[in-house]
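What follows is one structure encoded as structure tokens, with my remarks underneath.
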Amino acid sequence: QVQLVESGGGLVQAGGSLRLSCAASGRTYTTWPKGWFRQAPGKEREFVASISWSGQVTYYADSVKGRFTISRGNVKSTVYLQINSLKLEDTVVYYCAAGTSDSVFDGFSSWGEGTLVTVSS
């Protein structure tokens, strides 16, 4: 089983930037972090971005294209999410997701506890 720990959330002013990190441990040779989701209170969790094992293929939700960038660290078990031009509506909990397939479209089977991003005006 893989364990995912997100970090990097916090309070930031609108227009600012933030980089979220996800570090995986455990069975990272079978399951690896490959995506980010987010969830606002009272709403369903929504897909944000995903990345292939090689880091060469990425996929974004239309709502975040141009502002969010997903990347994989030199250590494959680490994934980042760079968020620029933060908006008030980006105030949500962000979750790292992992899977066993290299598809960037589905196959998310493990989740972290989440990290809260709060954007102030």
Side-chain angles (χ1 to χ4, degrees):
Q1 190 172 356
V2 67
Q3 293 80 42
L4 304 172
V5 178
E6 303 96 335
S7 61
L11 178 64
V12 63
Q13 283 193 327
S17 298
L18 210 59
R19 189 175 83 155
L20 306 182
S21 299
C22 172
S25 61
R27 297 173 63 91
T28 56
Y29 54 92
T30 60
T31 306
W32 50 85
K34 64 174 194 174
W36 289 92
F37 287 69
R38 64 184 182 181
Q39 186 171 21
K43 295 189 176 182
E44 292 187 356
R45 188 172 299 183
E46 64 172 357
F47 169 80
V48 173
S50 58
I51 188 168
S52 65
W53 175 246
S54 69
Q56 295 182 348
V57 179
T58 57
Y59 180 55
Y60 295 92
D62 288 341
S63 59
V64 305
K65 283 181 181 177
R67 293 196 302 122
F68 288 31
T69 302
I70 188 171
S71 62
R72 193 174 292 284
N74 291 330
V75 177
K76 296 293 187 182
S77 57
T78 302
V79 170
Y80 303 101
L81 185 69
Q82 177 71 36
I83 308 175
N84 298 326
S85 303
L86 277 155
K87 303 177 180 180
L88 295 179
E89 53 263 39
D90 293 325
T91 297
V92 293
V93 178
Y94 289 79
Y95 297 89
C96 179
T100 57
S101 75
D102 203 27
S103 169
V104 295
F105 302 111
D106 55 23
F108 303 98
S109 57
S110 301
W111 304 88
E113 294 295 316
T115 185
L116 175 64
V117 172
T118 303
V119 183
S120 64
S121 59

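Here the structure is a predicted model, which is why all the values come from computation and not from measurement.
- Side-chain atoms of K76 and W32, non-hydrogen and from C-beta on, never get closer than 4.5 Å to each other.
- The 12-atom threshold is not exceeded at OH of Y59, counting heavy atoms of other residues, nucleotides or ligands nearer than 6.0 Å.
- Nearest heavy-atom pair, V57 versus V104, reported as atom, atom and distance to 0.1 Å: O-CG1, 3.9 Å.
- Side-chain N or O atoms of T118 include none that pairs as donor or acceptor with a backbone N or O of L11 at under 3.5 Å.
- Aromatic ring orientation, W111 versus F37: perpendicular (interplanar angle above 60°, classes split at 30° and 60°).
- The shortest heavy-atom contact between S121 and L88 is N-CD2, 3.7 Å.
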Go through the steps to decide whether V64 and R38 satisfy the test side-chain contact (heavy atoms from CB on, under 4.5 Å), and finish with yes or no. CA-CA 11 Å; V64 305; R38 64 184 182 181; 3.9 Å; yes
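- S103 and K34 share no side-chain donor-acceptor pair at under 3.5 Å.
- Atom CD of residue Q1 and atom OG of residue S25 lie 10.0 Å apart, to the nearest 0.5 angstrom.
- Here the closest non-hydrogen pair linking G107 and S101 is CA-OG, 4.1 Å.
- A single hydrophobic cluster is not seen to contain both L20 and F47; linkage of ILVMFWY side chains at heavy-atom distances under 4.5 Å, directly or through other members, places them apart.
- With salt bridges taken as basic N to acidic carboxylate O contacts below 4.0 Å, one links D62 and K65.
- Contact check for V79 versus I70: side-chain heavy atoms found under the 4.5 Å cut-off.
- Contact check for D90 versus R67: side-chain heavy atoms found under the 4.5 Å cut-off.
- Taken to the nearest 0.5 Å, the CG atom of L116 stands 7.5 Å off from the OG1 atom of T91.
- When every heavy atom of A40 is checked against every heavy atom of V92, the shortest pair comes out as CB-CG1, 3.5 Å.
- Atoms CD1 and CZ, on I83 and R19 in that order, are 12.0 Å from each other to the nearest 0.5 Å.
- In this structure, Q3 CD and R27 CZ are separated by 10.5 Å, a value rounded to the nearest 0.5 Å.
- A distance of 8.0 Å separates OG1 of T115 from CG of L18, quoted to the nearest 0.5 Å.
- For the pair S54/R72, no side-chain contact is recorded, criterion being any heavy-atom separation below 4.5 Å from C-beta on.
- Two residues are said to be in side-chain contact when any heavy atoms from C-beta on lie closer than 4.5 Å; E6 and Y94 fail this criterion.
- Rounded to the nearest 0.5 angstrom, C96 SG and E113 CD are separated by 11.5 Å.
- The number of heavy atoms from other shown groups lying within 6.0 Å of CD (Q56) does not exceed 12.
- Between W36 and F68, the gap from one ring centroid to the other reaches at least 6.0 Å.
- Across all non-hydrogen atoms, the minimal contact from S110 to T31 is OG-CG2, 4.1 Å.
- The nearest pair of heavy atoms linking F108 to A97 is CD2-CB, 3.7 Å.
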